[in-house]
Amino acid sequence: MTADVRPSAPASGSAPGAADGTAPAAGAMLSVRDVRKLFGGFAAVDGVSFDVHPGEIVGLIGPNGAGKSTLFQVISLFLPATSGEVVFMGTPLIGRPPYVPARLGLVRTFQITRVFARMTVLENLMFAAPRQPGEHLQNLLLQPRRVREHEAQVARRAEELVEYFNLGRVRDQYAGALSGGQRKLLEMARALMTEPRMMLLDEPMAGVNPALKEELLRYIRDLREKGMTFLVIEHDMDMIMRICDRIVVMANGRIIAEGDPQSVRENRAVIDAYLGGA
Amino acid sequence: MSMLLGYFAGFLTNVVIYTLFVIGLNLQFGYTGLINFGHVAFLAVGAYTVAILVTHHAPILLAVLAGMAVAALFSFLLGYPALRLRDDYLAIVTIGFAEVLRIWLNNVSFTNGPEGIGGFAVPLSWLPVSHDAWRWLFLLLCAAVTAVVFAAVEYLARSPWGRVLKAIREDEDVAVALGKNIVSYKLAALALGAAIAGLAGGLTAFFYQYINPHNFEATITFEAWTIMVLGGVGKNWGAVLGAVIYFGLYTITSEFTSSPIGPFSTDQLAALRIVLIGVVLILLMIYRPQGILGRKEDLGLDR
């Protein structure tokens, strides 16, 4: 059933000289292995396997009901898999609690932008920093100095991201008072605060105006230049075709095609799936 | 004059103890978003632990610490299963627990059932002073304890730990997606809030010098919620201000119910007084829904 249309030559998407000098790794960064997810008797995801390599931008597309979002929830551990395994940088994830992926460097965003409304932009960012000693009561009591020093570091990192995403003017405002576009940028900045190696983006272009779309595309490209890896679910075909190195196409819970944008666009099974064929 | 002063000391002590009690609730709901509708249970646990231990000649300080620990333990036992579910379940579990606890306290022998416990030692009783002077000294003690707790909670709320609590209040899923193990934070906030209520319970036992299950009716929980909402949710100063206003209203209006006025009997006046307090609270909620110290933005923000 799976029509592998991937060209025999290495896809354009092997890491294009990741900034931190990581060589295009032989191993996959994220490996999805025969994942199934049943709801009652219905297989929303029915035996899906694919890899994402370091430095790649991989798109996950498919018509409504294809199982993309369910798969996304399974990979991010927000839904338990019925069977199969997801391995991130050598660590099996299935069965672990949903806060684990972010700690390992795999962070997700949400389809509808979700900011902490009654916290300032800076607080939103600082919250997401990993391994903060001040998050533990015993350190607040016993090592207040270490907490303060780390907090200053976290604040500096947050300020950098505020600058990078042009949020300087609203840094001390409640996130709930931001415009839709600013929230999108804040959400991306906040995900970056976790110091991820790879980002899972859930329909980043949903409800986004054309100008902001171009801005987001620039950020995603720039982050990839700096070594970030992406798996993106998206309905916006224009965005997918422009930015992805490789596209995985799902229909009825299975992968029906996988390859570079050009080959996927011309793939018969894909065209049939989108036009309502079997 | 001295009787009036003593009465005033009692009024202030009540305000201070309620402030402490509400600071605990505010840590749970105001900062973390946990809906605890059985806060009075932790007050009762603290009060009874202290009363029983001190009756058996335990040192007062030790008894109070034990009261806090037992309250925290109970909250942990409630929260551990309930916090894994959605927050609404915590509301149901806590309100149920508070009622069960009160009825249980009323029906077991080691608490003397409805007769309650009295005659135990109280702090500062070794001082050679009059009863009225003791009331003022006890007020100072309660105020000092409350001030320390207030400062500690403020410090925690401004720390990275407090930031996690606020993020949980705003959006649990996102907090998890960003790598935080939120269950442990929710349990800690619940247990700390309960320990603070247990401390308030210990002070209550010394203040009344006699406790029985009637002191721990569900209305106390809702008075605490009223005070928190009045002052401004998520603001510790709001607990102070809310307690002053609530008991101010309560006390001032009680002056007008001691003798009949016009066509109204004292019974009718007592009922009218509750209506009046209700109307004032409703007006406040209409014209200042964020509470007295709350910020308007705290309400109008969409997620």
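Chain letters run A, B, ... following the sequence lines, proteins first, then strands; residues in each count from 1.
B:N181 places none of its side-chain heavy atoms less than 4.5 Å from the side chain of A:P97. When side chains are defined from C-beta on, A:Y99 does not count as touching B:L178, because their heavy atoms never get closer than 4.5 Å. In this structure, the side chains of A:R118 and B:R169 come closer than 4.5 Å at one or more pairs of heavy atoms. Within the 4.5 Å cutoff, the side chain of A:R190 has heavy atoms near those of the B:V174 side chain. Within the 4.5 Å cutoff, no side-chain heavy atoms of B:W161 are placed close to those of A:N139.
Environment of CZ in B:F222: crowded, with over 12 heavy atoms of neighbouring residues, nucleotides or ligands closer than 6.0 Å. The number of heavy atoms from other shown groups lying within 6.0 Å of CZ (B:F74) does not exceed 12.
In terms of heavy-atom pairs under 4.5 Å with chain A, the best-connected choice from B:V164, B:L165, B:L156, B:D173 is B:D173. Contact count against chain B (heavy-atom pairs under 4.5 Å) is highest for A:L140 among A:V154, A:L140, A:T194.
With a threshold of 4.5 angstrom between heavy atoms, A:S76 does not approach chain B through any atom at all. Contacts between A:M193 and chain B at a heavy-atom distance below 4.5 Å are absent for every atom of the residue. With a 4.5 Å cut-off on non-hydrogen atoms, A:F127 touches chain B through its backbone and its side chain both. If you measure heavy-atom distances from A:V100 to chain B, you find no contacts under 4.5 Å at all. With a 4.5 Å cut-off on non-hydrogen atoms, A:P98 touches chain B through its backbone and its side chain both. Within the 4.5 angstrom heavy-atom criterion, atoms from both the backbone and the side chain of B:A175 approach chain A.
The distance from atom CD of A:Q132 to atom OG of B:S159, rounded to the nearest 0.5 Å, is 9.5 Å. Here the straight-line distance linking atom OH of B:Y185 with atom CG of A:L137 works out to 8.5 Å at 0.5 Å rounding.
In this structure, A:A102 and B:A177 approach most closely via the heavy-atom pair CB-O, 3.2 Å. The two residues A:F116 and B:D171 come nearest to each other via the heavy atoms CE2-O, 3.6 Å.
Salt-bridge annotation for B:R158 and A:E151: absent, with no side-chain N of the basic residue lying under 4.0 Å from a carboxylate O of the acidic one. With respect to A:E135 and B:K180, a salt bridge is recorded, a charged nitrogen being found less than 4.0 Å from a carboxylate O. A salt bridge links B:K166 to A:E123: at least one charged side-chain nitrogen sits closer than 4.0 Å to a carboxylate oxygen.
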